[in-house]
Number of protein chains: 2
Amino acid sequence: MTELEQYIQSYFGVVLPDELQTISSLFKLTTIKKGEYFLKASRRCDKLSFIQSGLLRIFVDTDNREVTQWISTKGYFVTDLSSFVFEKPARWNIQALIDSELYTINIADYKKIGNMVPKWHQLEKLFIASCFATLEDRIFSHLSMTAEERYSFFFENNKELFNQVPLQYIASMLGMTPETFSRIRKKKLL
Amino acid sequence: MTELEQYIQSYFGVVLPDELQTISSLFKLTTIKKGEYFLKASRRCDKLSFIQSGLLRIFVDTDNREVTQWISTKGYFVTDLSSFVFEKPARWNIQALIDSELYTINIADYKKIGNMVPKWHQLEKLFIASCFATLEDRIFSHLSMTAEERYSFFFENNKELFNQVPLQYIASMLGMTPETFSRIRKKKLL
DNA sequence: TGATATTCTTGATTTTTGTCAAGACCAAAG
DNA sequence: CTTTGGTCTTGACAAAAATCAAGAATATCA
């Protein structure tokens, strides 16, 4: 079983081996270079990718500044979900932070899965529900934690990210300025 | 078409009238009195309800204080999604803020829908995806807006809530203290 | 109605976080 | 190696928000 198949199975729990193979065969290996855009806001996001290697940053341009919504890492999927699912303009920009390898499926092929695998929509539902729960937790962290607590929590669970991406992006996705981030960091090292 | 059916249609887009009727017939009208719990954290949430009238508050107990995650209003569904979908212990408490009328379906009946309505899992997926997008926006508001901006935005879209529920709950779900909330409020009235 | 909760407001103060500006550090490119 | 551009850190200060405490307003209920 390929790495992609293992991940699909872990997220979606597809059972029959031939179904799994059918699904994974629709994903094509593509590469994206550091700095290139996987998606630009206001365009349609017509693809879903699994990150085989690399890092992608999801962000929005506002009047004053860029707001990083999330950084996607190896072993996770990346797309603008509402654009992909509802076929409407994307709200996020998605850009490669380093050269990355992606297994990519386009919307047309993606729709085929629903026809070929009877249980697919159900599995999809479960997957999206778990994404929903993750966001609930993230909201909770903003309602109940200080910047420092959010930093510590994220650091404990994503140590490896801290020496791979510009820290200002992590600061932004945790909802603080780079300066505050830097000061918390210093405090933790003492 | 009943009000419940109209809402189901608007959220899930079920097309065939008999399917719609089949689904809605599985929801039973129940009532819950002010202060009563729809759900207690750590129990299983084995039901999904549509709010015909009333208000329910979703919250968590932390060491220091209660954190209100959300207030559900007329015309919306209420449940602990991850508990309902994955049949695991609930993370949230859900309590009626005023006497409320709910159309409630239990998990056993809910599962029947999937068998009776072929497209159901697909529609469910779309519904949950739209919930996901709503949470994305909410996270964005915490990454990019001040307490005052979050207040204004929420106020503009939920004016009616402000004279129906204790304001401290709204303050909490917007991620600020009651005092800060009160001061912003005063400032806006001047 | 009057008594009792609870909720809301307000002021004084502290803490946290943001802003602005300067300089240090570091990696990539000539 | 040196330059350059981006990133990170630091300091001084300002603004935002939290905390604590008291009192006012409001709802609840006997």
Side-chain angles (χ1 to χ4, degrees), chain A residues 33-36 55 57 59 61-68 71 95-99 139-155 159 161-190, chain B residues 33-36 54-55 57 59 61-68 71 95-99 139-155 158-159 161-190:
Chain A
K33 292 222 175 298
K34 176 175 177 170
E36 286 180 358
L55 295 166
R57 178 172 73 109
F59 70 97
D61 272 311
T62 70
D63 320 327
N64 334 334
R65 57 204 168 90
E66 264 180 22
V67 175
T68 296
I71 294 167
Q95 189 182 25
L97 288 175
I98 58 177
D99 293 356
I139 286 171
F140 180 72
S141 80
H142 283 278
L143 301 185
S144 66
M145 294 160 92
T146 63
E148 185 170 335
E149 288 167 334
R150 290 197 302 279
Y151 173 94
S152 297
F153 189 79
F154 188 79
F155 179 72
K159 285 200 174 71
L161 209 56
F162 284 65
N163 44 31
Q164 289 187 80
V165 306
L167 299 176
Q168 55 180 317
Y169 298 151
I170 300 179
S172 179
M173 68 179 269
L174 293 177
M176 66 188 83
T177 61
E179 293 93 336
T180 295
F181 187 92
S182 175
R183 289 186 179 107
I184 289 172
R185 211 143 178 271
K186 186 180 181 187
K187 194 172 158 191
K188 294 282 175 192
L189 291 174
L190 299 181
Chain B
K33 291 220 174 302
K34 175 175 178 172
E36 285 180 357
L55 295 166
R57 178 174 72 110
F59 71 96
D61 272 312
T62 70
D63 319 328
N64 334 332
R65 58 206 168 91
E66 264 179 22
V67 175
T68 296
I71 295 168
Q95 189 183 26
L97 288 175
I98 58 176
D99 293 355
I139 286 170
F140 180 71
S141 79
H142 283 278
L143 300 185
S144 66
M145 294 160 91
T146 63
E148 186 169 336
E149 288 167 335
R150 290 197 303 278
Y151 173 95
S152 298
F153 189 79
F154 188 78
F155 179 71
N158 301 274
K159 286 199 174 73
L161 209 57
F162 283 65
N163 43 32
Q164 288 187 79
V165 306
L167 300 176
Q168 54 180 316
Y169 297 151
I170 301 178
S172 179
M173 69 179 269
L174 292 178
M176 65 187 83
T177 60
E179 293 93 335
T180 295
F181 186 91
S182 176
R183 290 188 178 103
I184 290 171
R185 211 143 178 271
K186 185 181 180 185
K187 194 171 159 192
K188 293 284 174 188
L189 291 173
L190 299 182

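Computation of the quantities below employed the complete heavy-atom set of this structure, encompassing side-chain atoms and omitting hydrogens, waters and symmetry-equivalent molecules. In what follows, every chain begins at residue 1, and chains take the letters A, B, ... in the order their sequences are listed.
- Atom CD in Q168(A) sits about 20 Å away from atom P in dT17(C), given to the nearest Å.
- L97(B) has its CG atom 14 Å from the C1' atom of dT6(C), to the nearest Å.
- dA14(D) shows a glycosidic angle more than 90° from 0 and is accordingly assigned anti.
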Distances for protein N or O near nucleotides 22-26 of chain C N or O, under 3.5 Å:
none

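- Taking atom CG of L189(B) as the reference point, atom C1' of dT10(C) lies 15 Å away to the nearest angstrom.
- Here the straight-line distance linking atom CZ of F59(A) with atom CD1 of I71(A) works out to 11.5 Å at 0.5 Å rounding.
- At the phosphate of dT9(C), OP1 or OP2 sits under 4.0 Å from a side-chain N or O atom of R185(B).
- Closest heavy-atom contact between L97(B) and K34(B): O-CG, 3.4 Å.
- Atom C1' of nucleotide dC8(C) and atom CZ of F162(B) are separated by 14 Å, given to the nearest angstrom.
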For residues 163-171 of chain B, run the donor-acceptor check on the side chains, cut-off 3.5 Å, and write out each pair with its distance to 0.1 Å, sequence neighbours left out.
{"residue": "Q164(B)", "atom": "NE2", "partner": "E160(B)", "partner atom": "O", "Å": "3.0"}

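- With sequence neighbours excluded, no residue satisfies salt bridge (charged side-chain N to carboxylate O under 4.0 Å, His left out) with K33(B).
- Taking atom CD of residue E148(A) and atom C1' of nucleotide dT16(C), one finds them 10 Å apart after rounding to whole Å.
- Scored by the salt bridge (charged side-chain N to carboxylate O under 4.0 Å, His left out) test, E66(B) finds R57(B) as partners (sequence neighbours excluded).
- Residues passing the side chain to side chain donor-acceptor pair (under 3.5 Å) test with T180(B) are T177(B), sequence neighbours excluded.
- The minimum heavy-atom distance linking L143(A) with L174(B) is given by the pair CD2-C, 4.1 Å.
- Taking the 5' to 3' direction, DNA chain D first and last meets chain A under 4.0 angstrom from a heavy atom at dT7(D) to dA12(D).
- Using cut-offs of 30° and 60° on the angle between ring planes, the pair Y151(A) and F162(A) is perpendicular.
- Of the residues in residues 175-184 of chain B, those with a non-hydrogen atom less than 4.0 angstrom from any atom of DNA chain C are E179(B), S182(B), R183(B).
- Every side chain to side chain contact (heavy atoms under 4.5 Å, CB included) that R150(B) has, sequence neighbours left out, goes to S141(B), H142(B), M145(B), A147(B).
- In terms of the side chain to side chain contact (heavy atoms under 4.5 Å, CB included) criterion, residue partners of S144(A) (sequence neighbours excluded) are, by chain and number, F140(A), R65(B), V67(B).
- Applying the side chain to side chain donor-acceptor pair (under 3.5 Å) criterion to T62(A), with sequence neighbours excluded, gives no partner residue.
- One can place NZ of K187(A) at 12 Å from C1' of dT17(C), the figure rounded to the nearest angstrom.
- Within 4.0 Å (heavy atoms only), K34(A) reaches no atom of the nucleic acid at all.
- At its two ends the helix from dT6(C)-dA25(D) to dG30(C)-dC1(D) runs along axes set 40° apart, each axis drawn from five pairs and the angle rounded to 10°.
- In a base pair of the Watson-Crick type (N1 to N3 plus N6-O4 or O6-N4) or a G-U wobble (N1-O2 and O6-N3), with each distance short of 3.5 Å, dG2(C) is matched with dC29(D).
- We find that OH of Y151(A) is positioned 17 Å from P of dT16(C), with the value rounded to whole Å.
- What separates NZ of K186(A) from P of dT17(C) is a distance of 17 Å, to the nearest Å.
- Residues F154(A) and M173(A) form a side-chain contact, since some pair of their non-hydrogen atoms from C-beta on lies under 4.5 Å apart.
- The shortest distance between side-chain heavy atoms of T146(B) and E149(B) falls below 4.5 Å.
- Note that CD1 of I184(A) is 12.0 Å distant from CG of L189(A), once rounded to the nearest 0.5 Å.
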